[in-house]
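Just dropping this structure here.
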2 protein chains.
Amino acid sequence: MQIERMIRRFREAGLKITPQRVAIFEYLYTTSSHPTVDDIYAYIAGRFPSVSLTTVYNTLQTMVGLGEIEEIAISHERRNFDPDTRPHAHIMCVRCKRIEDIYTDDLSENCLPESVRKRYRILGQRIYFYGLCSRCTTEK
Amino acid sequence: MQIERMIRRFREAGLKITPQRVAIFEYLYTTSSHPTVDDIYAYIAGRFPSVSLTTVYNTLQTMVGLGEIEEIAISHERRNFDPDTRPHAHIMCVRCKRIEDIYTDDLSENCLPESVRKRYRILGQRIYFYGLCSRCTTEK
DNA sequence: TTTTTATATTAAAATGATTACAAATTAAAA
DNA sequence: TTTTAATTTGTAATCATTTTAATATAAAAA
Ligand SMILES: [Mn+2]
Ligand SMILES: [Mn+2]
Ligand SMILES: [Zn+2]
Ligand SMILES: [Zn+2]
């Protein structure tokens with residue numbers, strides 16, 4: 001399971017397994033959405049009232065460093081994290097800010113001209129769509 | 001010219017033409033890069049030493065509202081603005097943070113499954129690539 | 001199991017970016 | 001030129017994130 005995997009990855013990296021960290025793993029891998037730091041903090045604080053925001057920031061940063069989660073830059077207002085590291089695009093409703101996954105093909109092949117590709121070592125790509133979801137279109 | 005166009009757009013919107021605003025237009029349309037608020041502020045402050053950061057923020061926000069510039073969310077560290085509103089993708093070097101334009105085809109057609117498209121009114125799209133530029137690959 | 005130690009957590013303060021506000025200034029209409 | 005509403009400025013407030021140092025603890029060693 002995903003959580004076991006993260007525990008193993010942390011162990012392998014010589015990092016300690018703490019209840020706070022495990023709770024963060026659990027939250028990330030049992031919610032399908034794209035939580036913000038505050039979403040995660042709110043959940044962890046429910047189980048560990050004394051948890052610090054710093055711990056959440058640190059753990060997320062460590063996970064990004066391990067390549068186990070990704071940061072979504074779809075909006076400057078909020079920073080979202082994605083435990084699904086398979087390449088996929090996202091669409092965000094500009095009103096309710098909900099983010100949905102869209103699985104598409106890799107673009108670096110057919111989108112990047114040779115002239116660009118030969119000057120960069122490509123490390124990643126992000127595709128974001130913006131729109132109004134049906135719920136927000138109908139609402140007053 | 002672009003600057004005249006912005007002046008006209010502001011006039012049409014019932015907004016006043018101030019020297020600070022014109023200087024911002026000039027900076028945006030004579031630099032090909034993707035400046036940050038601070039880049040713009042630094043330039044304007046060179047010509048109007050008493051200019052306020054607030055003015056820069058306000059003017060940029062107004063221009064975004066008019067659809068004349070776009071905000072690039074390629075990085076959470078910095079907020080970049082793009083006076084080129086034609087659809088195009090970007091590639092950023094993760095080390096030196098330089099951003100380059102890439103002109104590609106519209107993706108909303110072939111990337112968005114029908115199942116998604118029928119639930120959203122699509123308003124925009126952003127495509128970002130991340131990599132190491134040749135300069136940064138060779139440097140120690 | 002107990003001890004040890006390096007790492008992690010916490011709380012608080014510092015930093016940095018952005019926004020809010022109110023007073024002073026000014027573009028542009030009359 | 002006068003008037004007025006919009007804009008600019010300077011300052012303070014807010015919010016997200018990072019830094020720091022003291023305390024607590026996971027996990028290795030004894
Ligand atoms: Mn996703
Ligand atoms: Mn561009
Ligand atoms: Zn919505
Ligand atoms: Zn570079």
Side-chain angles (χ1 to χ4, degrees), chain A residues 3-4 6-27 34-66 69 71-81 97, chain B residues 3-4 6-27 34-66 69 71-81 97:
Chain A
I3 299 171
E4 308 305 329
M6 278 312 308
I7 292 177
R8 181 157 23 87
R9 292 285 278 121
F10 266 56
R11 278 234 170 79
E12 284 166 7
L15 300 165
K16 292 179 178 175
I17 309 305
T18 67
Q20 292 92 332
R21 283 174 172 174
V22 173
I24 291 173
F25 301 161
E26 285 172 7
Y27 184 72
H34 299 83
T36 63
V37 170
D38 282 330
D39 293 335
I40 298 164
Y41 176 72
Y43 171 78
I44 309 302
R47 301 183 45 188
F48 300 91
S50 73
V51 77
S52 164
L53 251 181
T54 308
T55 298
V56 176
Y57 276 105
N58 286 342
T59 303
L60 291 171
Q61 191 173 300
T62 302
M63 293 178 79
V64 170
L66 290 173
I69 63 175
E71 213 183 300
I72 308 288
I74 200 168
S75 149
H76 268 114
E77 302 170 25
R78 50 195 72 220
R79 182 180 296 208
N80 298 278
F81 292 89
K97 316 292 184 189
Chain B
I3 298 170
E4 308 305 328
M6 279 312 308
I7 291 176
R8 181 160 21 87
R9 292 285 279 121
F10 265 55
R11 278 235 171 77
E12 284 166 9
L15 299 165
K16 292 180 177 173
I17 309 304
T18 67
Q20 294 90 334
R21 282 174 173 174
V22 173
I24 291 172
F25 302 160
E26 285 171 9
Y27 184 72
H34 300 83
T36 62
V37 170
D38 283 330
D39 293 335
I40 299 163
Y41 176 72
Y43 170 79
I44 309 302
R47 301 183 44 188
F48 301 91
S50 72
V51 77
S52 164
L53 249 182
T54 307
T55 298
V56 177
Y57 275 106
N58 287 342
T59 303
L60 290 172
Q61 189 173 302
T62 302
M63 293 178 79
V64 170
L66 290 172
I69 63 174
E71 213 182 302
I72 306 289
I74 200 168
S75 152
H76 271 294
E77 300 170 25
R78 52 195 73 220
R79 182 180 296 208
N80 299 280
F81 292 89
K97 316 292 186 189

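Chain letters run A, B, ... following the sequence lines, proteins first, then strands; residues in each count from 1.
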Subject >> Atom-to-atom span, CD of B:Gln20 to P of D:dG10 - whole angstrom >> reply: 11 Å

Original post:
Does a side-chain N or O from B:Arg11 land closer than 4.0 Å to OP1 or OP2 of C:dA27, or not?
Top reply: no

Original post:
Counting any heavy atom closer than 4.0 Å, what does A:Thr55 reach on the DNA or RNA strands: base, sugar-phosphate only, or nothing?
Top reply: base

**OP:** Describe the nucleic acid contact of B:Pro19 in one word from base, sugar-phosphate, nothing, applying a heavy-atom distance below 4.0 Å.
**Re:** sugar-phosphate

Original post:
Rounded to the Å, how far apart are B:Asp39 CG and C:dA17 C1'?
Top reply: 14 Å

Original post:
Between B:Gln61 and C:dT18, does any side-chain N or O lie under 4.0 Å from OP1 or OP2?
Top reply: no

**OP:** Could you tell me whether the side chain of B:Arg21 and the main chain of B:Lys16 form a donor-acceptor pair under 3.5 Å?
**Re:** yes

**OP:** Could you work out which one of C:dT26, D:dA27, C:dT18 sits closest to the side chain of A:Lys16?
**Re:** D:dA27

Original post:
How long is the line joining OH of B:Tyr57 and P of D:dT11, in whole Å?
Top reply: 18 Å

Original post:
Does B:His76 reach the main-chain N or O of A:Ile72 with its side chain, forming a donor-acceptor pair under 3.5 Å?
Top reply: yes

**OP:** Would you indicate whether the side-chain heavy atoms of B:Glu71 and B:Phe81 approach each other to under 4.5 Å?
**Re:** yes

Subject >> A:Arg21 CZ to D:dT25 P, straight-line distance once rounded to whole Å >> reply: 15 Å

**OP:** Could you state the atom-to-atom distance from CG of B:Asn58 to P of D:dT8 in whole Å?
**Re:** 7 Å

Subject >> First of B:Arg79 and B:Leu15 reached from the 5' end of DNA chain C, by closest nucleotide >> reply: B:Arg79

**OP:** Check the distance between C:dG16's P and A:His76's NE2 and give it to me in whole angstrom.
**Re:** 18 Å

Original post:
What about B:Thr18, does its side chain sit under 3.5 Å from the base of D:dA6 through a donor-acceptor pair?
Top reply: no

**OP:** Give none if C:dA30 has no partner; otherwise give the nucleotide forming a Watson-Crick or G-U wobble pair with it, both distances under 3.5 Å.
**Re:** D:dT1

Subject >> Spacing of A:Glu77 atom CD relative to D:dT17 atom P, expressed in whole Å >> reply: 12 Å

Original post:
Of the nucleotides C:dA20, C:dT9, D:dA6, which has the atom closest to the B:Thr54 side chain?
Top reply: C:dA20

Original post:
With respect to the side chain of A:Ser50, which nucleotide from C:dA28, C:dA11, D:dT9 is positioned closest?
Top reply: C:dA11

Original post:
Is the backbone N or O of B:Ala23 less than 3.5 Å from a side-chain atom of B:Arg47, with the two atoms forming a donor-acceptor pair by type?
Top reply: no

Subject >> Between C1' of D:dT9 and CD1 of B:Ile44, the distance in whole Å >> reply: 15 Å

**OP:** Please determine, by modelled atom types, if A:Asp39 and A:Thr36 share a side-chain donor-acceptor pair under 3.5 angstrom.
**Re:** yes

**OP:** Between D:dT9, C:dT18, D:dT17, spot the one nearest the side chain of B:Leu53, thanks.
**Re:** C:dT18

